[in-house]
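Notes follow once the structure below has been shown.
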Amino acid sequence: MSHGGVSGASTLATDGLSLVATAGFSVPAALLVAAVVMAVVRDRRLAARDRDEADGAHERTGSPAAGRDRRPAG
């Protein structure tokens with residue numbers, strides 16, 4: 001009861017190869033997208049922190065940096 005000369009084992013092997021090929025493409029692509037998103041979020045946080053420090057907003061927000069005495073000891 002062969003269907004076109006293709007056995008069930010070879011069909012299963014072909015499906016397995018397509019699964020491996022799909023995962024071989026999708027997993028690295030997903031990792032690349034995640035890395036780019038993390039880099040953009042980090043860059044925006046650093047830029048926001050730099051802007052806050054430049055205009056003195058960190059002193060108004062009660063951040064830990066606001067409590068530090070910046071005068072030299074002596």
Side-chain angles (χ1 to χ4, degrees):
M1 190 167 194
S2 175
H3 298 287
V6 178
S7 70
S10 66
T11 302
L12 183 60
T14 303
D15 290 345
L17 288 175
S18 66
L19 179 64
V20 168
T22 301
F25 173 77
S26 300
V27 171
L31 291 174
L32 180 62
V33 168
V36 170
V37 168
M38 287 175 21
V40 169
V41 168
R42 182 176 180 269
D43 181 60
R44 290 189 180 198
R45 284 183 182 165
L46 289 173
R49 186 176 68 188
D50 288 346
R51 278 193 309 272
D52 288 347
E53 287 178 358
D55 70 1
H58 65 283
E59 294 174 2
R60 292 188 302 267
T61 60
S63 68
R68 282 192 237 137
D69 189 5
R70 295 179 187 250
R71 292 175 290 169

Residues forming a side-chain contact (heavy atoms from CB on, under 4.5 Å) with L46, sequence neighbours excluded: R42, R49
Closest heavy-atom pair and its distance - P28, A23: CD-O, 3.7 Å
Remaining members of hydrophobic cluster (4.5 Å side-chain criterion), L31: V27
